[in-house]
Amino acid sequence: MGVQFGDIIPKKEISLKLLRTKSAAIDAMNVIYQFLSSIRLKDGSPLKNRSGEITSTYNGIFYKTIYMLENEITPIWVFDGKSHDLKEKTKEDRRKLRQNALENYLEAKEQDNLENMQKYAKRANFLDKKTIENSKRLLELMGVPYINAPSEGEAQCAELVKSKNASFVVSQDYDSILYGAESVVKNITSSNKSLELIELSKVLTELNVNLLELIDVAILIGTDYNPGGIKGIGPKKAFEVVKKGQMEKYAFEIQNYSEIRKIFDEPNVITDYEIGLKLPRKDELIEFLVEENDFSKERVLPNIEKLDLLLGNKKSQKSLESWF
DNA sequence: CAAGGGAA
DNA sequence: TTCCCTTGC
């Protein structure tokens, strides 16, 4: 979900072309949940293989990866590790929301209410361990790198940008900038929706704060580690408080304030990882998609060939990561 | 969400 | 060619 900065954070529209030749650190969980809620049949049910296991996720990863490579963007998928203890409440809240949605879905189903079935099915996304493991396996077979973050994926994505192993983060949330990522891109899709670029340095200069102050703003509004933030304080007031140097007045009201600040300021990340592209393992890929998960062979084969071609060309060229 | 096919 | 809509598993 992330911090609700609202309209306060400056962003700009960009074209896909601007991202050409760059590497993207993808906040995998964020994107996978999007796949799960949007890749659906008419009745709102997700795609499944013959055993009833959900395959929308694999569909999304497969086609989005190819789409990015086609546009000369190198994806690096970053998966969450173990979340911080302080996130428990947020996780529990989300579980409840999903459970609620599931109950609403079942009720709509009983009433044969297709519209509500679609609506609630999209919110009742339960992701199991096996789906995550298989997602990683799929990327491996495709020859595309992924990283297991020790903790938050968004923090690891930010590390990749900071170390210039990626140029930007792909996520629908802004949180990566709090971890110090210079660039976050929202809405990388093939639809007409415009791409949105958020640049940390622009955010800081335009709002006239430093990163630590921005983190304080986020904590006042509410983060995953202190959901809800301080009652009565939204984005606008939060900036006022921080700019007037009044953070101390509120800090004591926030449980674990300094610990939360540290999560963003000194994120738990790794710096030793493998991000090279390989050639796809075609036969195993066909086996995974077609045999195990019932993708249509007719549709998958040309895409595997495309992937092979794209990666074959790409492996030789290495570009230095930076803007402009 | 992206691909694919048909309409514009 | 571009747009729109349906399908995918």
Side-chain angles (χ1 to χ4, degrees), chain A residues 15-17 19-20 24-79 105 109 114-115 117-128 130-139 141-142 144 146 153 168-173 184-196 280 284-311:
Chain A
S15 80
L16 196 59
K17 306 237 188 303
L19 306 180
R20 226 176 233 167
I26 305 177
D27 179 9
M29 291 305 182
N30 180 287
V31 173
I32 283 174
Y33 270 110
Q34 275 178 270
F35 293 150
L36 214 47
S37 75
S38 56
I39 305 178
R40 303 252 166 188
L41 300 175
K42 286 192 207 306
D43 65 351
S45 66
L47 306 184
K48 293 176 189 146
N49 63 21
R50 87 195 70 183
S51 323
E53 296 161 342
I54 294 175
T55 57
S56 296
T57 311
Y58 314 143
N59 191 300
I61 290 172
F62 182 68
Y63 288 113
K64 195 181 196 76
T65 296
I66 291 172
Y67 176 78
M68 290 177 81
L69 288 169
E70 257 185 310
N71 286 280
E72 293 183 65
I73 301 167
T74 306
I76 303 166
W77 292 77
V78 180
F79 289 83
Y105 168 77
K109 193 173 176 182
L114 197 68
E115 198 183 331
M117 277 170 74
Q118 288 168 339
K119 181 165 132 194
Y120 293 116
K122 280 177 186 294
R123 296 180 197 171
N125 297 321
F126 297 92
L127 203 52
D128 56 27
K130 191 179 171 193
T131 306
I132 300 297
E133 288 318 307
N134 274 340
S135 296
K136 293 175 184 176
R137 183 164 151 235
L138 172 58
L139 287 166
L141 297 180
M142 291 180 77
V144 171
Y146 71 86
F168 59 96
V169 176
V170 173
S171 179
Q172 294 299 107
D173 293 341
V184 176
V185 176
K186 287 174 77 171
N187 304 337
I188 292 205
T189 71
S190 84
S191 67
N192 301 327
K193 211 149 88 173
S194 57
L195 269 75
E196 218 171 70
E284 289 167 89
L285 205 44
I286 293 166
E287 188 183 325
F288 177 83
L289 293 171
V290 180
E291 314 300 328
E292 285 179 41
N293 289 295
D294 299 324
F295 280 59
S296 118
K297 191 169 189 175
E298 209 182 19
R299 206 168 150 164
V300 155
L301 280 183
N303 280 294
I304 290 180
E305 287 310 319
K306 198 196 282 176
L307 179 68
D308 189 46
L309 213 70
L310 286 165
L311 291 178

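Below, read A as the first sequence line, B as the second, and so on, with proteins coming before strands; counting in each chain starts at 1.
Computed from coordinates, the A:N59 CG to B:dA3 C1' distance equals 9 Å when rounded to whole Å. One interatomic measurement links the two molecules: CG of A:L41 to P of C:dC9, which rounds to 10 Å at whole-angstrom precision. At whole-Å resolution of the value, CZ in A:R40 and P in C:dT6 are 19 Å apart. Between the P atom of C:dC9 and the CD atom of A:E292 lies a distance of 15 Å, rounded to the nearest Å. Straight-line distance from the CG atom of A:N187 to the P atom of B:dA2: 10 Å, rounded to whole Å. For the pair A:Q118 CD and C:dT6 P, the computed distance is 12 Å after rounding to whole Å. Between A:F35 atom CZ and C:dT7 atom P the separation is 21 Å, expressed in whole Å. We find that NZ of A:K306 is positioned 6 Å from P of B:dA3, with the value rounded to whole Å.
Aromatic ring pairs are classed by plane angle as parallel below 30°, tilted from 30° to 60° and perpendicular above 60°; the pair A:W77 and A:F35 is tilted.
Residue-level contact check: A:T55 touches the backbone only, with heavy atoms under 4.0 Å from sugar-phosphate atoms and none from bases. Within the 4.0 angstrom heavy-atom criterion, only backbone atoms of the sugar-phosphate kind lie near A:I188; the bases stay farther away. A:S296 comes within contact range of the sugar-phosphate backbone alone, with a heavy-atom separation under 4.0 Å but no base atom that close.
Remark: A:K64 is in phosphate contact with B:dA2, judged by side-chain N or O atoms under 4.0 Å from OP1 or OP2.
Although no hydrogens or angles enter the test, the distance criterion places a donor-acceptor pair under 3.5 Å between the side chain of A:K64 and the main chain of A:I188. Judged by distance alone, with hydrogens and angles left aside, the side-chain atoms of A:S38 form a donor-acceptor pair with the main-chain N or O of A:Q34 at under 3.5 Å. In this structure, A:R40 contributes its side chain and A:A121 its backbone to a donor-acceptor pair below 3.5 Å.
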Steps toward side-chain contact (heavy atoms from CB on, under 4.5 Å) verdict (A:K48, A:N293): CA-CA 8 Å; A:K48 293 176 189 146; A:N293 289 295; over 6 Å; no

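Here C:dT7 is the nucleotide among C:dC9, C:dT7, B:dC1 with the atom lying nearest to any side-chain atom of A:K42. Among the nucleotides B:dA2, C:dC9, B:dC1, the one closest to any side-chain atom of A:K48 is C:dC9.
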